[in-house]
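Step one of this worksheet: look at the structure below.
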Amino acid sequence: MQDDRNPPDVRFGQALMRARKRAGKQQAVVARHLGCTPGHLSHIENGRRKLDESKLQELDDFLNAGKRLLRQHEEIYQPERVDWLGEFHQMQADAAVIREYQNSLFPGTVQHPEYAKIAITSGAPWLASNEVQERIKDRQRWHEDVLRDDGPQYHLVLDDIVIMRPIGPAAVMRKQLDTIIKHAESGRVMVQMHGWDQHPHAGLDGPFALITSSSAPDMVHVESIYGGQNTDVPQDVRNFGTLFSRLQATARSPLESLRFLKEMREKYAQQ
């Protein structure tokens, strides 16, 4: 029999069901709070009915979802309006632990402004100069928000190619390496460099970040140059957690990585 359910309704219904179960509430309790029958709520959760949007904020508060349900609703029903990058970095700032893997660029949170300018203009040459400057300022704000003294623990695995392939003049690469070395030496960021020739290589499918928060479910963020996707589906989070563990296991130790960073810094200094 053909399934005539609207896919966004199904996705949001699943998100609502997960949020309800995380809150430890039965359908009857949530339905009573919303002023509907358990059967109607069941239809919303299985995608056969759509939630009244006027109830969304109330429902998020009742389930102690920390606005996660609000974000998921917008991502599902109005993806063109979602500032996915801003949302991602807000989640980073609110996190307890960040585990991030990058295979081509330093993440925006630790980018030196000159490095950020080259990365932005290379990936989006159509941007006007004022738009580029605004994006550089965004990265500086992320830096301040995430790397504050009481900020989240930050575990970063970088593929060697991030450093070995210069994206700009040697002087810019040197400044970027000075930035990451400073954070690694201070203990603010735990950096591990992953050999590009390691195999099997668990990071071939691209960058991702795992966000652990004390007030919300664990989430994984998978990015590309054109957009990003967030999910808190437990199986997906576990799968990416496994990938990150494999990357850490095959990467250099933090101490060895720091030595490698300094060696590469000296090579760029001599150019």
Nearest-0.5 Å distance that lies between atom [atom1] in [X] and atom [atom2] in [Y]:
X: L69; Y: E74; atom1: CG; atom2: CD; answer: 12.5 Å
X: E53; Y: K50; atom1: CD; atom2: NZ; answer: 5.5 Å
X: D52; Y: I44; atom1: CG; atom2: CD1; answer: 8.5 Å
X: H73; Y: L56; atom1: NE2; atom2: CG; answer: 5.0 Å
X: F244; Y: N239; atom1: CZ; atom2: CG; answer: 15.5 Å
X: R99; Y: M190; atom1: CZ; atom2: CE; answer: 10.5 Å

**Asked** Are M164 and L258 linked, directly or through other ILVMFWY residues, by side chains that come within less than 4.5 angstrom of each other?
**Response**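 Shared cluster, yes.
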**Prompt:** According to a 4.5 Å side-chain heavy-atom criterion applied to Ile, Leu, Val, Met, Phe, Trp and Tyr, with indirect links allowed, do V29 and M17 form part of one hydrophobic cluster?
**Reply:**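 No, because V29 and M17 fall into different hydrophobic clusters, even though each may have its own neighbours under 4.5 Å.
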**Message:** The criterion is side-chain contact (heavy atoms from CB on, under 4.5 Å); which residues satisfy it with A96, sequence neighbours excluded?
**Reply:**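 Partners of A96 by the side-chain contact (heavy atoms from CB on, under 4.5 Å) criterion come out as none, since no residue qualifies.
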**Request:** Kindly say whether H201 contributes a backbone atom to a donor-acceptor pair with the side chain of H199 at under 3.5 angstrom?
**Result:**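 No, because the side chain of H199 does not come within donor-acceptor range (under 3.5 Å) of the backbone of H201.
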**Prompt:** Quick check: does any side chain N or O of S257 sit under 3.5 Å from a backbone N or O of M193, one acting as donor and the other as acceptor?
**Reply:**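 It does hold such a pair.
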Go through the side-chain N and O atoms of [X] and [Y] and say whether any donor and acceptor fall under 3.5 Å apart.
X: H33; Y: E58; answer: yes
X: Q248; Y: Q192; answer: yes
X: D61; Y: Q57; answer: yes

If you count heavy atoms of other groups shown closer than 6.0 angstrom to [atom1] of [X], is the number above 12?
X: D205; atom1: CG; value: no
X: K267; atom1: NZ; value: no
X: D150; atom1: CG; value: yes
X: Q26; atom1: CD; value: no
X: R135; atom1: CZ; value: no

Give me the atom names and distance for the closest heavy-atom approach of [X] to [Y].
X: A184; Y: V191; result: CB-CG2, 4.1 Å
X: L63; Y: A19; result: CD1-CB, 4.0 Å
X: D60; Y: G66; result: OD1-N, 3.7 Å
X: P207; Y: N103; result: CD-OD1, 3.6 Å
X: P152; Y: A95; result: CB-O, 3.2 Å
X: S122; Y: I118; result: OG-O, 2.7 Å

If you define the side chain from C-beta out and look only at heavy atoms, does anything of [X] sit under 4.5 Å from [Y]?
X: P113; Y: Q140; answer: yes
X: I167; Y: V172; answer: no
X: L59; Y: L16; answer: yes
X: R20; Y: Q27; answer: yes
X: P38; Y: V30; answer: no
X: L177; Y: M264; answer: yes
X: L127; Y: T121; answer: no
X: R139; Y: T109; answer: no

**Ring centers of H183, H143 separated by less than 6.0 Å** =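 Yes; H143 has its ring centre under 6.0 Å from that of H183.
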**From CA spacing to verdict: side-chain hydrogen bond (donor to acceptor under 3.5 Å, both in side chains), E131, Q133** = CA-CA 5 Å; E131 294 176 301; Q133 287 303 316; over 6 Å; no
**Prompt:** Taking the six-membered ring of Y115, is NZ or CZ of K175 closer than 6.0 Å to its centre and within 45° of its axis?
**Reply:**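 The answer is no; the distance or angle limit is not met.
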**Asked** Is the NZ or CZ atom of R188 positioned over Y154's six-membered ring, under 6.0 angstrom from the centre and within 45° of the axis?
**Response**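 Verdict for Y154: no cation-pi partner in R188.
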**Prompt:** Can you check side chain to side chain contact (heavy atoms under 4.5 Å, CB included) on F106 and I163, steps first, answer last?
**Reply:** CA-CA 8 Å; F106 283 92; I163 295 170; 3.8 Å; yes
In plain terms, say whether [X] and [Y] are close enough for a salt bridge, that is, a side-chain N and a carboxylate O under 4.0 Å apart.
X: R18; Y: E45; value: no
X: R165; Y: D159; value: no
X: R265; Y: D178; value: yes
X: R259; Y: E185; value: no

**Item:** side chain to side chain contact (heavy atoms under 4.5 Å, CB included) evaluation trace for R5 with N46
**Value:** CA-CA 9 Å; R5 293 179 297 173; N46 65 31; 4.2 Å; yes
**Residues R252, D160; criterion side chain to side chain contact (heavy atoms under 4.5 Å, CB included); working and verdict** = CA-CA 10 Å; R252 297 178 185 86; D160 280 0; 2.7 Å; yes
**Request:** For the residue pair Y101 and H194, categorise the inter-ring angle as parallel (less than 30°), tilted (30 to 60°) or perpendicular (more than 60°).
**Result:**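 Rings of Y101 and H194: perpendicular, as their planes differ by over 60°.
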**Item:** Sole residue of V220, I98, D218, L243 in side chain to side chain contact (heavy atoms under 4.5 Å, CB included) with L210
**Value:**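 Going through the options one by one, the only one that passes is V220.
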**Message:** Let's go through F208 and H221 carefully: what are the C-alpha distance in whole Å and the side-chain angles of both, what is the deciding distance for side chain to side chain contact (heavy atoms under 4.5 Å, CB included) to 0.1 Å, and is it a yes or a no?
**Reply:** CA-CA 6 Å; F208 63 91; H221 171 87; over 6 Å; no
